[in-house]
Structures are given as structure tokens and as C-alpha cells.
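Single-structure report; data block below.
Naming: A, B, ... by sequence-line order, numbering from 1 per chain.
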2 protein chains.
Amino acid sequence: MSTTTGVERKPLRADAQRNYDKIVETARAMFRERGADASLDEIAKRAGVGPGTLYRHFPTREALIDAVMRDWADRINADSDEAAASELPPREALSGWFSKFVENVGIYHGAAAKVMAAMDDPASPIYRKCQILVGANQKVLDSVRDKGALRDGVDAREVMRIVSGIATVVDQSGIGADDAEPMLAIVLDGILVDPSD
Amino acid sequence: MSTTTGVERKPLRADAQRNYDKIVETARAMFRERGADASLDEIAKRAGVGPGTLYRHFPTREALIDAVMRDWADRINADSDEAAASELPPREALSGWFSKFVENVGIYHGAAAKVMAAMDDPASPIYRKCQILVGANQKVLDSVRDKGALRDGVDAREVMRIVSGIATVVDQSGIGADDAEPMLAIVLDGILVDPSD
DNA sequence: ACCTGAACACCGTTCAAGT
DNA sequence: ACCTGAACACCGTTCAAGT
């Protein structure tokens with residue numbers, strides 16, 4: 001069901017492929033320790049390639065972020081599948097799904113803001129991931145709706161906008177991932193028919 | 001009641017004061033047309049001062065933003081006073097207050113993100129404005145609580161975090177200010193006892 | 001077809017020299 | 001006490017020269 005969600009890419013020459021992989025691997029490490037705004041120059045340096053090479057493969061920072069987050073979409077899909085099929089009460093299932101998203105998008109500092117910004121920008125390389133995200137959320141919300149627990153008129157895109165906003169707040173201000181919970185609780189209260197379950 | 005909320009500042013020499021004012025005035029214009037991340041170098045150039053002068057007055061970009069937003073706090077206080085004293089049904093009063101905030105923080109592109117980031121960072125020059133903001137929100141929420149319309153355990157700071165997150169989403173993605181409404185509606189549904197009013 | 005690395009433009013920051 | 005502007009470090013981006 002979830003083969004790599006990546007776009008089909010024409011095969012690269014051996015050395016180009018090696019450089020491509022090295023860059024992505026290096027970027028992943030750099031993004032993890034310095035955030036998604038880490039210096040591209042230094043990524044190139046650490047990867048042992050010239051800046052032009054990085055540029056050829058990734059014309060924009062977002063393109064690189066997109067490549068680094070390639071597996072991310074798979075995780076999102078897995079998490080949403082699990083939440084949608086969950087036997088847990090609607091509130092717990094939804095809460096878990098939101099929490100996992102905040103956690104997942106939080107591993108790269110600054111990534112939440114990029115995702116949030118790309119949410120309505122089809123020109124962004126990350127836009128595709130946002131579509132996947134909204135689709136996944138739709139799936140989870142539908143499962144809750146089937147149980148009659150969702151308020152009328154709740155839109156998956158709007159919900160994802162708010163939740164990515166919350167993820168960004170958590171990421172940008174120094175607060176911990178646990179501090180997302182009270183905010184998510186407000187959203188849950190806002191979209192569920194009965195706050196109790 | 002609302003004299004300028006600014007901090008007391010020791011008087012500057014005449015020329016220094018003139019430069020200070022010119023810089024703030026220029027920055028305000030630049031921020032308005034190019035956003036809160038506009039080049040400080042060009043602001044200095046347009047203001048007719050050396051970069052060192054801008055730096056002396058505003059050691060950090062946030063300090064400059066803070067100065068540019070000096071009147072902003074007064075508007076926030078005025079809006080919250082009006083909302084707290086409003087005869088409108090709780091939902092309308094709250095909704096108007098949130099909307100005005102999103103609108104106000106949206107006049108400088110990128111400002112919402114700065115406010116959001118400073119919300120829990122006492123070291124930031126903008127932190128003081130966030131405190132004012134949370135205080136103002138507290139005031140409005142209390143007035144709603146007095147009418148028995150607010151759910152138990154709703155915290156003014158949490159609410160402000162979410163709303164500033166929404167303001168940031170609206171600002172960063174290309175969507176219009178009107179598109180904040182459906183998201184704010186979810187928050188309202190989440191913090192009010194009875195969604196109807 | 002792909003890579004290198006010098007070159008460029010821009011930006012924030014510092015500081016010695018001036019008044 | 002305050003300002004100027006040259007100087008520096010850094011960063012993203014381009015492109016001619018190489019293989």
C-alpha cells in the first residue's frame with residue numbers, strides 16, 4: 001500500500017546519484033541539529049561537493065527539504081491509517097493522530113513553519129506533502145464522522161491549517177512538545193460533538 | 001487610561017533623537033511594503049544614516065520591530081476594552097476581538113511569526129507586547145466567563161498561542177484575512193460552553 | 001552529463017576615525 | 001555623546017572551465 005511516495009525520477013549517472021544521496025544524507029543530519037535553515041554552503045562542504053552541485057540537484061532550499069522529508073509522508077500515512085482504524089474512542093484516536101503529527105513535523109526545527117507556509121502554495125515543492133497530509137487527515141476525520149462524533153461542516157484542510165499552526169508555535173517558541181496538548185484539546189473540543197468522548 | 005505604553009527612555013541628544021525617529025519612520029514604511037524581514041541596510045540607507053547608527057539604537061531587528069509596533073499595544077488594549085464591555089452575545093464579542101487581532105498583527109508581513117515566537121521568550125524585546133496581548137485577552141475572556149459562557153479551564157495564554165498561530169498561518173500562506181474566520185470558529189467552538197451563543 | 005570553485009551581490013555586524 | 005563608513009564574515013547564486 002505505501003511504497004515510497006516519491007515522484008518518479010529519471011535515473012542519474014552513477015557519480016551524480018552518489019552526490020545526490022550524500023547531499024540528502026548530510027542535509028538530514030544538518031537539519032536535525034541546526035534546523036531547516038542551516039547553511040546550504042556548509043551542507044555542500046560537509047557533503048564534499050561544490051555549491052554548484054547542490055544547486056543543480058536542489059534549485060531551492062525547499063526542494064532539498066522536500067527530499068529530506070521523503071520518508072516523512074510514509075510515516076504520516078501510516079499514522080493516519082492506524083488512527084482511522086483505531087478502536088479507541090474518537091477523541092483519543094484524533095488526539096493521538098494530532099500529537100504524532102506535531103511530533104513528526106517537529107524533528108526538524110523550522111520545518112513546521114515551512115509546511116504551514118506551503119499549505120496553500122501550489123508552487124512550493126512541499127505542497128505535495130501538504131496534500132498528502134490533508135488527505136491523511138481527511139481519512140481520520142471521516143472515520144470519526146462515521147461514528148457520529150464529528151460536528152457538521154468541519155473541513156480537513158482548515159483543521160490541518162490550525163494544527164500546523166500549533167505545531168509551528170510549539171516549534172518556534174521554546175516550549176516543549178507536551179505543551180501542544182492543551183492547545184490541541186481546544187481544537188478537539190471545537191470539532192467534536194461531545195467533548196467527553 | 002491608555003497613555004503611550006512605551007517604556008521610559010532617557011532623553012537623547014537632539015540629533016540622535018532625530019535619527020531615531022527617522023529610522024523608526026522609515027522602518028515602518030519598509031516593513032509595511034516589504035515585511036518585517038526587510039533589509040536593515042536599506043532602511044539605514046533610506047533613513048540617511050550609517051548602518052552603525054541603526055545598530056546603536058536597535059541592537060537587534062526585534063528591537064526595531066518593537067519600536068515600530070509601539071502604538072500597536074494601544075490598539076490592542078482599546079480593542080480588548082471594547083470587546084470586554086460589549087453588549088453583544090459572547091461569541092460575537094470574542095469573534096470580533098480575535099479577528100481584529102489577526103488583522104492588526106497582519107499589517108506587517110512576518111510580524112505574526114515574530115509575535116508568536118516571542119510569546120514564551122522573555123529575552124525577546126517583543127515579549128512585553130506579548131504580555132500585554134495575553135493580559136488583554138484575559139480581560140476579554142473574563143468578561144465572557146462572567147456571563148457563564150466560557151468553558152472551565154480555558155487559559156488566556158493557550159488561547160493566544162493558538163490565535164497567533166492562526167494569524168501566522170494566514171500571513172505565511174497566501175490566503176486572505178477572511179480565511180481566518182473558519183479557523184477562529186473552531187477555536188470559538190472549543191472554548192465556549194454553547195456554540196450557538 | 002556532471003562537477004568544481006572562483007566570482008558576485010547582498011546582508012548583518014563591528015569598529016576606528018571623526019565631530 | 002553620537003555618527004560615519006570602511007571592513008569583515010557569511011550566505012545564496014551564477015557560470016566559465018574542466019572531466
Inset, instruction - Tell me, yes or no, whether the heavy-atom count around A:K147 atom NZ, taken from other residues, nucleotides or ligands under 6.0 Å, exceeds 12. - result: yes
Inset, instruction - Rounded to the nearest angstrom, tell me the gap between atom OH in B:Y20 and atom P in D:dC3. - result: 13 Å
Legend entry - A:R145 with A:D142: basic N within carboxylate O range, under 4.0 Å: yes
Legend entry - Length of the line joining A:D41:CG and C:dA7:C1', which is rounded to integer Å: 13 Å
Inset, instruction - Could you check how far CZ of A:R18 sits from P of C:dA1, rounded to whole Å? - result: 18 Å
Inset, instruction - Check every strand shown and say whether B:S39 touches a base, only sugar-phosphate, or nothing at a heavy-atom separation below 4.0 Å. - result: sugar-phosphate
Legend entry - Nearest listed nucleotide, side chain of A:L12, among C:dT14, D:dC2, C:dC2: C:dC2
Inset, instruction - Please determine if a side-chain N or O atom of B:H57 lies less than 4.0 Å away from the OP1 or OP2 oxygen of D:dC2. - result: no
Inset, instruction - Take the angle between the ring planes of A:Y20 and A:F58 and call it parallel below 30°, perpendicular above 60°, tilted in between. - result: tilted
Legend entry - A:L40 CG to C:dC11 P, straight-line distance once rounded to whole Å: 17 Å
Legend entry - Residue closer to the 5' end of DNA chain C, B:R61 versus B:R13 (nearest nucleotide): B:R61
Inset, instruction - Heavy atoms only: give me the nearest B:R157-B:M119 pair and the separation to one decimal. - result: NH1-O, 3.2 Å
Inset, instruction - Is it possible for you to say whether A:V49 and A:L12 belong to one hydrophobic cluster, with membership spreading through side-chain heavy-atom contacts below 4.5 Å? - result: yes
Inset, instruction - Assign each of A:T53 and A:E42 to its nearest nucleotide of DNA chain D by heavy atoms, then name whichever residue's nucleotide is nearer the 5' end. - result: A:E42
Inset, instruction - Could you please name the option among C:dC3, D:dC3, C:dA6 that lies closest to any side-chain atom of A:P51? - result: C:dA6
Legend entry - Pairing annotation in dot-bracket form, given for DNA chain D with Watson-Crick or G-U pairs under 3.5 Å and | for cross-strand partners: ||.|||||...|||||.||
Inset, instruction - Using atom NZ of B:K45 as one end and atom P of C:dA9 as the other, report the distance to the nearest whole Å. - result: 13 Å
Inset, instruction - Go through C:dC3, C:dT4, D:dT4 for me and flag the one nearest to the A:V49 side chain. - result: C:dT4
Inset, instruction - Please round to the nearest 0.5 Å and tell me the distance separating atom CG of A:L184 and atom CZ of A:F101. - result: 10.0 Å
Inset, instruction - Using only side-chain N and O atoms of A:N19, determine if any of them is under 4.0 Å from OP1 or OP2 of C:dC3. - result: yes
